[in-house]
Amino acid sequence: MDSSIYGVSSSKIFLFFYFFFFVSFAIAALPQNPSGKSFSSSASGQINSNSVLVALLDSHYTELAELVEKALLLQTLEEAVGKHNITIFAPRNEALERQLDPEFKRFLLEPGNLKSLQTLLMFHIIPKRVGSHQWPDPKTGPVKHNTLCNDHLNLTSKSTGKKTVDSAELIRPDDVIRPDGVIHGIQQLLIPRSVIEDFNKRRNLRSISAVLPEGAPEVDPRTHRLKKPAPVPVGAPPVLPIYEAMAPGPSLAPAPAPGPGGPHHHFDGESQVKDFIHTLLHYGGYNEMADILVNLTSLATEMGRLVSEGYVITVLAPNDEAMAKLTTDQLSEPGAPEQIIYYHIIPEYQTEESMYNAVRRFGKVRYDTLRLPHKVVAQEADGSVKFGHGEGSAYLFDPDIYTDGRISVQGIDGVLFPEEETQTVQKPAAVKVASKPRRGKLLEVGCWMLGTLGQGLRFRSCQ
């Protein structure tokens with residue numbers, strides 16, 4: 001047999017096919033890069049061993065690093081580091097181990113709440129490098145920085161030298177420094193408002209989903225005695241006014257039998273009041289209001305009982321700066337703290353949007369309060385809602401601090417007092433009566449005798 005085929009030797013053909021299969025195998029073994037861009041450490045999803053993410057995972061912030069791994073955020077953070085420097089605000093381990101509410105931590109670790117956990121963690125990361133020397137000056141005020149969860153953090157420097165991130169104090173500035181980022185140690189966990197709302201909604205839905213609410217008992221307004229229970233539509237508000245359901249006071253009727261909450265506990269008012277007080281403390285700037293509700297008075301217990309019976313309330317919460325302006329005389333009188341807080345509680349469920357729409361449409365709106373018979377006046381001012389009159393007015397400063405469908409908390413920048421009702425008693429105008437001179441007895445007898453003779457009118461003194 002001839003060793004050449006069409007002029008080409010068989011050995012050359014064999015070498016050609018061998019080279020062809022070798023090149024094909026080598027090309028198939030190469031990694032695919034459909035974009036056509038050159039490979040780099042960031043584009044391939046790999047990070048340098050000197051990266052701030054590696055430093056975080058190996059640092060003493062073990063609780064935060066564990067949450068980052070459980071939230072499946074490593075790939076997202078690697079992409080962020082590949083694009084720009086980052087700044088991480090890392091809470092100390094004690095804040096996550098012991099100071100965090102166990103129920104809230106359980107909520108974060110549930111598989112169905114992965115998005116809330118990711119939002120919480122990315123709320124602690126700024127997509128830019130911010131060193132401790134870049135904090136704003138105390139005179140310039142807070143500076144807002146966007147976070148990876150499309151929210152923002154406020155960096156503030158105080159005159160005492162303290163530096164804060166929202167409500168958390170900076171305790172370890174520039175704790176870890178790497179070429180692609182920096183880690184600052186902070187005192188406590190930062191919780192965005194969206195995560196708090198998700199937590200409250202999940203808990204409230206879980207507590208009321210098993211039992212249908214019922215209506216409150218009906219009271220005869222003349223005798224203040226309970227009538228026979230009438231069928232009430234499911235989810236209807238209590239028939240009894242909230243003033244009748246309040247604790248007995250000097251001008252209030254006795255508290256009635258339990259309403260929708262009753263022995264079945266359809267609404268867990270105590271837990272909801274506890275939630276909103278914890279929210280005030282986490283939000284920052286409302287510690288005095290929380291202290292009055294819990295320690296100085298028993299209003300927190302009373303509010304929890306009202307919510308358990310199916311009532312809704314809106315709390316106008318003055319911030320700490322406003323509460324600090326109260327004098328000792330204003331708080332020392334018996335029952336004064338209760339009366340002040342009662343004037344800040346509206347027996348309706350109002351949000352910032354509903355109140356602003358009301359004042360935009362109707363001008364001045366008078367809301368009932370739990371301090372009978374006083375009402376608080378709201379009106380539009382400077383694109384916000386203004387409560388009260390004159391120098392004693394307050395603006396809606398922090399809207400919707402807590403909203404769960406039954407309790408609404410709106411932060412204001414002043415303490416409200418009812419307008420003094422000074423009743424001025426008008427004295428009747430004095431009427432001058434011309435008094436006739438008194439005549440003597442002898443003259444009267446003389447005029448009488450002349451009158452009998454028909455001559456009395458001729459004398460002027462007898463007229």
Side-chain angles (χ1 to χ4, degrees), residues 35 37-92 95-96 108 113-137 140-157 163-198 284:
S35 61
K37 296 180 180 179
S38 61
F39 285 93
S40 65
S41 61
S42 61
S44 61
Q46 298 177 355
I47 58 175
N48 193 349
S49 59
N50 199 28
S51 173
V52 69
L53 293 181
V54 178
L56 174 64
L57 298 177
D58 294 337
S59 66
H60 54 272
Y61 300 107
T62 55
E63 290 291 324
L64 180 63
E66 183 180 352
L67 289 179
V68 170
E69 292 181 353
K70 290 182 178 180
L72 307 178
L73 281 178
L74 288 178
Q75 183 177 358
T76 303
L77 297 181
E78 288 173 5
E79 294 176 356
V81 170
K83 296 177 182 177
H84 36 60
N85 280 202
I86 62 173
T87 301
I88 301 176
F89 299 103
R92 55 197 182 94
L96 297 174
L108 293 176
N113 303 325
L114 180 63
K115 185 177 180 181
S116 297
L117 178 60
Q118 292 176 344
T119 303
L120 175 75
L121 295 175
M122 290 193 293
F123 187 64
H124 292 72
I125 303 175
I126 295 177
K128 62 183 296 187
R129 176 186 286 268
V130 180
S132 60
H133 63 283
Q134 294 176 296
W135 245 254
D137 190 79
T140 60
V143 174
K144 186 183 298 185
H145 289 277
N146 293 327
T147 65
L148 288 182
C149 67
N150 296 324
D151 208 328
H152 63 270
L153 290 172
N154 292 317
L155 305 187
T156 310
S157 297
K163 299 177 180 180
T164 60
V165 183
D166 271 7
S167 59
E169 181 183 351
L170 189 70
I171 56 175
R172 297 175 70 100
D174 299 331
D175 192 15
V176 178
I177 300 177
R178 292 294 184 269
D180 55 357
V182 60
I183 299 178
H184 301 291
I186 57 177
Q187 182 74 19
Q188 63 188 31
L189 184 69
L190 302 172
I191 306 177
R193 185 181 303 175
S194 59
V195 175
I196 295 177
E197 292 176 354
D198 291 341

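The main-chain N or O of Val130 is found under 3.5 Å from a side-chain atom of His184 such that the two form a donor-acceptor pair. The closest donor-acceptor contact from the side chain of Gln188 to the backbone of Ala95 lies at 3.5 Å or more, if one exists at all. Ser116 contributes no side-chain N or O that, together with a main-chain N or O of Val195, makes up a donor-acceptor pair within less than 3.5 Å. A donor-acceptor pair under 3.5 Å is formed between the side chain of Asp180 and the backbone N or O of Val52. Not a single donor-acceptor pair under 3.5 Å links the side chain of Arg129 to the backbone N or O of Ile86. A donor-acceptor pair is defined here as one N or O able to donate and one able to accept, closer than 3.5 Å; no such pair exists between the side chain of Thr164 and the backbone of Ala168.
Counting heavy atoms from C-beta on, the side chains of Leu120 and Pro192 come closer than 4.5 Å. Put simply, the side chain of Lys115 does not reach to within 4.5 Å of the side chain of Asp198, judged on heavy atoms. The shortest side-chain heavy-atom distance between Ser132 and Lys163 falls under the 4.5 Å cut-off. In this structure, Trp135 and Thr156 have side chains that are not in contact, with every pair of non-hydrogen atoms separated by 4.5 Å or more. Counting heavy atoms from C-beta on, the side chains of Lys128 and His84 never come closer than 4.5 Å. Residues Leu189 and Phe89 form no side-chain contact, since every pair of their non-hydrogen atoms from C-beta on lies 4.5 Å or further apart. For the pair Val165 and Leu190, the minimum side-chain heavy-atom distance is below 4.5 Å. Within the 4.5 Å cutoff, no side-chain heavy atoms of Ile186 are placed close to those of Glu169.
Residues Pro179 and Asn85 approach most closely at O-OD1, 3.3 Å, considering heavy atoms. In this structure, Tyr61 and Arg172 approach most closely via the heavy-atom pair OH-CD, 3.6 Å. Here the shortest heavy-atom pairing between Asp175 and Gly185 reads CB-N, 4.4 Å. Smallest separation of non-hydrogen atoms from Ala71 and Gln118: O-NE2, 2.8 Å. Val54 approaches Ser49 most closely through the heavy-atom pair CG1-O, 3.7 Å. Minimum interatomic distance between Ser157 and Pro136 (heavy atoms only, all atoms of both residues): OG-O, 2.6 Å.
We find the NE2-CG distance between His152 and Asp166 to be 7.0 Å, quoted to the nearest 0.5 Å. Atom NZ of Lys144 and atom CG of Leu153 lie 11.0 Å apart (nearest 0.5 Å). Remark: Asp151 CG to Arg193 CZ distance equals 8.5 Å, nearest 0.5 Å. One finds the CG atom of Leu77 at 8.5 Å from the CG atom of Leu56 (value rounded to the nearest 0.5 Å). With rounding to the nearest 0.5 angstrom, the CD atom of Gln134 is 8.0 Å from the OG1 atom of Thr87. Interatomic distance, Thr147 OG1 to Phe123 CZ, rounded to the nearest 0.5 Å: 6.0 Å.
Applying side-chain contact (heavy atoms from CB on, under 4.5 Å) to Ile125 and the options Val68, Ile88, Thr76 leaves one that passes, Ile88. Tested against Leu108 for a side-chain contact (heavy atoms from CB on, under 4.5 Å), the candidates Leu121, Leu114, Leu117, Ile191 yield a single pass: Leu117.
Within a 6.0 Å radius of CG in Asn154, other residues, nucleotides and ligands contribute more than 12 heavy atoms.
A donor and an acceptor atom, one from each side chain of His133 and Asp174, are nowhere located under 3.5 Å apart.
Contact check on Lys70 versus Glu66 returns a salt bridge, with a Lys/Arg side-chain nitrogen under 4.0 Å from an Asp/Glu carboxylate oxygen.
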Could you walk me through whether Leu53 and Glu78 pass the side chain to side chain contact (heavy atoms under 4.5 Å, CB included) test, one step at a time? CA-CA 8 Å; Leu53 293 181; Glu78 288 173 5; 4.0 Å; yes
